[in-house]
Enquirer: 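There's a structure below that I have some questions on.
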Amino acid sequence: MSALTLRARQRLQLAGLLGPVTVFLGIFFLTPLVIMLIYSFLAPGLYGGVVWEFYPHNFGRILGFADPAFEYFDPVYFQIFLNSLRIALTTVVITLLVCYPAAFQIARLPERWKTFCLFLITLPFFASLIVRLFIWVLILKQTGFINQTLMSLGLISEPLDLIYTEGAILLGLVYIFIPFMFLPVYASVEKIDWTLVRASQDLGANGIQTFWRVILPLTLPGILGGSILVFIPSLGNFVVPAVLGGAKVLMLGNLIEQQFLAARNWPFGAALAMLVMAAVLVLLFLYVRFESKSGDDAPLLN
Amino acid sequence: MRESIIRLEGATKRFPLPEGGTITALDAIDLDVARNEFLTLLGPSGCGKTTLLHVISGFVQLDQGKILIDGDDMGTTPPHKRPVNTVFQNYALFPHMSVGDNVGYSLDIAHVGKAERVKRVGEALDLVGLGGYAARMPRQLSGGQQQRVALARAIIARPKLLLLDEPLSALDRNLRQAMQIELKNLQAELGISFIFVTHDQEEALTMSNRVAVLNGGVIQQIDTPRNTYNYPANAFVASFVGASNLFDGEVRRDGDKIVITTPENDTVEAVLRDERSLNGGGKLTAMLRPEQFSLSGTGGADNCAEIDVTVDQIVFIGSTYELLGKTAGGRQINALLSASHQTRIGEIEQSGKARLSYDPAAVHLIPADDAGAAQ
Ligand SMILES: Nc1ncnc2c1ncn2[C@@H]1O[C@H](COP(=O)(O)OP(=O)(O)O)[C@@H](O)[C@H]1O
Ligand SMILES: [Mg+2]
C-alpha cells in the first residue's frame with residue numbers, strides 16, 4: 001500500500017488541483033500588477049520609458065501635489081475620474097431598473113419559457129463585442145438608422161446628436177452589461193420563498209410595505225452582486241467610450257490608454273490604473289463585509 | 001346564543017388544470033365557527049384544507065359563495081385587511097429579521113411605538129416559552145422553537161381568528177404531543193377562535209371542540225370528536241377517523257334486531273334505532289371499531305353476537321393485542337383484544353381460528369346512500 005497517509009494524500013490532491021491555477025494567475029495576473037504598482041511610483045522618462053527613482057508625483061498630478069518643476073496638477077484628471085465614477089454608477093442604476101422587474105416577470109413564467117428567456121439574455125455573448133458596438137454606431141450616427149427614419153418621417157429637419165455623447169456611452173454600457181446584472185438578480189429573485197410574502201400580507205403589510213421589508217432585503221445579495229459585476233468593468237471600460245464616445249467624452253479607460261500608447265507616460269498611466277483599482281477594492285471590501293454579516297453563520301442550536 | 005366568528009356559505013373554488021379542465025378544490029362548503037371555538041379541519045392530503053384556509057385569509061378568491069368574518073362580508077377584502085392571522089405550514093419566518101422583529105412585525109406595520117412593541121413582543125415570547133430569545137436569528141433555532149416563534153408572531157396582534165396549517169406535522173412525536181397540549185391551553189387562555197388543519201386524526205380528536213372532516217373538497221361531517229368517532233356519517237369518515245370494520249349489505253329484520261348480510265354472505269347483527277335509515281332500499285353499512293370486539297367466552301354481555309374469523313397475524317402492541325384476520329366471506333377484520341387473555345391468545349395463534357363477539361346494540365349503522373357517495 002501507499003506510504004502516504006490519507007491526510008497527506010488529500011493535501012497532494014489539493015495542490016494538484018489548485019497548483020496550475022495558482023501558477024497561471026501568479027505569472028499572468030499578479031506579475032503585471034506588481035510591475036504596474038512599481039511603475040506608478042517611478043518617474044517618466046523624457047522620451048518614454050521610466051527613470052528608476054521614487055517619484056510620488058504621478059499620483060500628485062491627479063490628487064493635487066504635482067512636482068511643479070516638471071508637471072502641473074491638473075484637476076481635469078480628477079474630473080475624469082469623477083465623471084467615470086458617475087457614468088459607472090448610472091450604468092448600475094439603469095441596468096438594475098431594467099433587470100429587477102424583468103427578473104420577477106421571467107421568474108413567474110412556466111419552466112420552458114424561463115429557459116428560453118435566459119437563453120435570449122445570454123445570446124449577445126455569441127457575437128463579438130466590437131461588432132455589436134459598431135452596429136450601435138450605424139444606428140446612432142448622423143446618417144444612421146434613427147436619424148434617417150425620423151427625418152424621412154418629417155419629425156426632425158436636422159440630424160440629432162446621438163452618437164459621441166455621454167448618453168451614447170451609457171447606452172452602450174447598459175447594453176453590454178445587462179446580462180451581468182440580470183443573472184445574479186434573477187438568481188436571488190427565483191429563490192424567493194413566496195410564503196414569506198404571504199406571511200407579510202397576512203400580518204397586515206400591504207404590497208409596498210411587503211416590498212421594502214421582505215422582498216427587497218431578500219433580493220439584496222443579488223442586487224449587490226450584480227451591481228459589483230456591472231460597476232467594476234464599467235468604471236474602467238475603454239471600448240465603449242472609444243467607439244461611442246469618440247474624442248468628446250473621455251472615461252478613465254481611455255485616459256489610461258492614451259497615457260500608455262499616445263503620451264508614452266507609463267508611470268502616469270499606471271498611477272491612474274492604480275487609483276481605479278483602489279476604488280474597486282474599497283467597494284469590494286464593503287461588499288464582503290456586508291455579505292459575511294448577512295450570510296449564514298453556523299447555527300448555534302439544532 | 002353561539003356567536004359566529006366566521007361563516008362560509010356555499011364556498012366553491014375551482015382551479016384550472018394545466019392539461020385543461022378544472023379541479024374543484026372546494027365544493028359548496030358551509031362552515032360556521034363560534035367565538036372561542038377550536039375547530040379542526042381533518043382530511044387527506046389534497047382534499048382542500050390549505051385552499052380553505054387561503055379563502056379565509058384572503059389569498060384565494062371564491063368562485064361562488066360567501067365568507068363573513070365577525071359578521072362582515074369579506075368579499076374581495078385583501079389579506080392584509082382581514083382580522084385573521086396564520087401559522088404557516090413551513091413557519092415562514094423572515095430569515096433576515098431577528099426573532100423579536102419577526103414577532104413584532106405586525107405591530108411595526110401598525111405603527112405601534114417601539115417601547116410598547118418591545119413590551120408586547122416580550123409578552124408574546126413568554127407566552128410560547130421563548131422569553132429571552134428576541135435577539136436570536138430564526139436559523140439559530142430548532143424546528144420546535146421556530147414553530148413557537150411563528151405562533152407568537154401570529155397571536156401578538158390578537159386576531160379574531162387564528163388559522164394553523166398543519167403546524168405540528170414537521171415535529172417529532174414527543175414534541176408534537178407536548179405542543180398539542182400547549183396549543184389547546186393557549187387557545188383557552190387567549191380566547192381566540194382556532195381553525196387547525198391536520199391530516200392526523202389522533203391530533204384532531206384530542207385537540208378540538210369540533211372536527212370537520214373534509215374529502216374531495218366536500219365536508220363529510222362536522223361534529224364533536226366523540227360523535228365523529230362513534231357515529232361517523234359515512235364510510236369515508238368511519239375509515240379515516242380511527243380504524244374500523246365495515247360491513248355493507250342487505251338488511252333483514254329478525255325480531256327486535258336486524259341482520260346485515262354482505263354480498264359475500266357474512267352476517268352482522270345490529271339494533272335498528274332509526275327506521276328512516278332504511279330508506280336507501282334496505283341497504284346499510286354496519287361499522288364496528290376494533291375495540292368493540294372481544295374473544296368469545298371471556299365475559300361481556302350475554303346477548304352478544306359472534307363472528308368467526310381466520311387469523312392472519314396477531315401483533316403485540318403493549319396494552320393490547322391487535323388481531324388481523326378474515327371472515328368466512330374474505331372480509332378484512334381488525335380487532336383489539338385485551339392482553340389479559342394471554343393463554344387464549346396463545347391458543348388462537350396455534351389454531352389460526354378465533355371466534356369474536358360484539359354487542360349488537362353498539363354497532364353503528366351508516367345509511368347506504370352516504371356510504372356509496374363517499375367512495
Ligand atoms: N394554485 C393552485 N392551482 C391549481 N391547483 C391547486 C392550487 N392550489 C391547490 N390546488 C389543488 O387543489 C386541491 C386542494 O389542494 P390543497 O388545498 O393544497 O390541499 P391540502 O392542503 O388539503 O393538502 C389539490 O388537488 C391541489 O392540487
Ligand atoms: Mg396543505
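Here the structure is a predicted model, which is why all the values come from computation and not from measurement.
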Enquirer: Looking at every non-hydrogen atom in both residues, tell me the closest pair between G172(A) and L244(A) and how far apart they are.
Expert: CA-CD1, 3.7 Å
Enquirer: For a 4.5 angstrom cut-off between non-hydrogen side-chain atoms, does I195(B) reach L161(B)?
Expert: yes
Enquirer: When heavy-atom pairs shorter than 4.5 Å are enumerated against chain A, which of L163(B), N85(B), V84(B) gives the highest number?
Expert: N85(B)
Enquirer: Quick one: which residues of residues 166-188 of chain B reach chain A at under 4.5 angstrom, heavy atoms only?
Expert: none
Enquirer: Given a strict heavy-atom distance threshold of 4.5 Å, which part of R82(B) is in contact with chain A: side chain, backbone, both, or neither?
Expert: neither
Enquirer: For L229(A) versus F180(A), what's the shortest heavy-atom pair and its separation?
Expert: CD1-O, 3.9 Å
Enquirer: Measure distances from L220(A) to the heavy atoms of chain B and classify the residue's part below 4.5 Å as side chain, backbone, both or neither.
Expert: neither
Enquirer: Should the pair F119(A) and F126(A) be assigned to parallel (<30°), tilted (30 to 60°) or perpendicular (>60°) ring geometry?
Expert: tilted
Enquirer: For F78(A), look at atom CZ and say whether over 12 heavy atoms of other residues, nucleotides or ligands are found less than 6.0 Å away.
Expert: no
Enquirer: Who in residues 53-77 of chain B is close to chain A, using a strict under-4.5 Å heavy-atom cut-off?
Expert: H54(B), S57(B), F59(B)
Enquirer: Measure from the side-chain N and O atoms of S200(A) to the backbone N and O of L196(A), and report whether any donor-acceptor pair falls under 3.5 Å.
Expert: no
Enquirer: Which answer fits D193(A), side chain, backbone, both or neither, if we ask what part of it has an atom under 4.5 Å from a heavy atom of chain B?
Expert: side chain
Enquirer: In Å, rounded to the nearest 0.5 Å, how long is the span from CG of L235(A) to CE of M251(A)?
Expert: 6.5 Å
Enquirer: Hey, which residues of residues 89-111 of chain B are touching chain A, say heavy atoms under 4.5 Å apart?
Expert: N90(B), A92(B), L93(B), F94(B), P95(B), H96(B), M97(B), Y105(B), S106(B), D108(B), I109(B)
Enquirer: Measure the shortest side-chain to side-chain distance between L164(B) and F194(B) over non-hydrogen atoms and say whether it is less than 4.5 angstrom.
Expert: yes
Enquirer: Ion pair present between R7(B) and E9(B), side-chain N to carboxylate O less than 4.0 angstrom?
Expert: yes
Enquirer: Grab the two heavy atoms, one from L214(B) and one from G48(B), that are nearest each other, plus how far apart they are.
Expert: CD2-C, 3.9 Å
Enquirer: Scan the side chains in residues 96-113 of chain A for donor-acceptor partners under 3.5 Å anywhere in the protein, sequence neighbours excluded, and list what turns up.
Expert:
from: Y100(A); atom 1: OH; to: T219(A); atom 2: OG1; distance (Å): 2.6

Enquirer: Cationic tip of K114(A) within the cone over F116(A)'s six-membered ring, i.e. under 6.0 Å and within 45° of the normal?
Expert: no
Enquirer: Assess whether atom CD1 of I208(A) is packed by more than 12 heavy atoms of other residues, nucleotides or ligands within 6.0 Å.
Expert: no
Enquirer: What are the two closest non-hydrogen atoms of T90(A) and R86(A), and how far apart are they?
Expert: OG1-O, 2.6 Å
Enquirer: More than 12 heavy atoms of other residues, nucleotides or ligands under 6.0 Å from CZ of F285(A): yes or no?
Expert: no
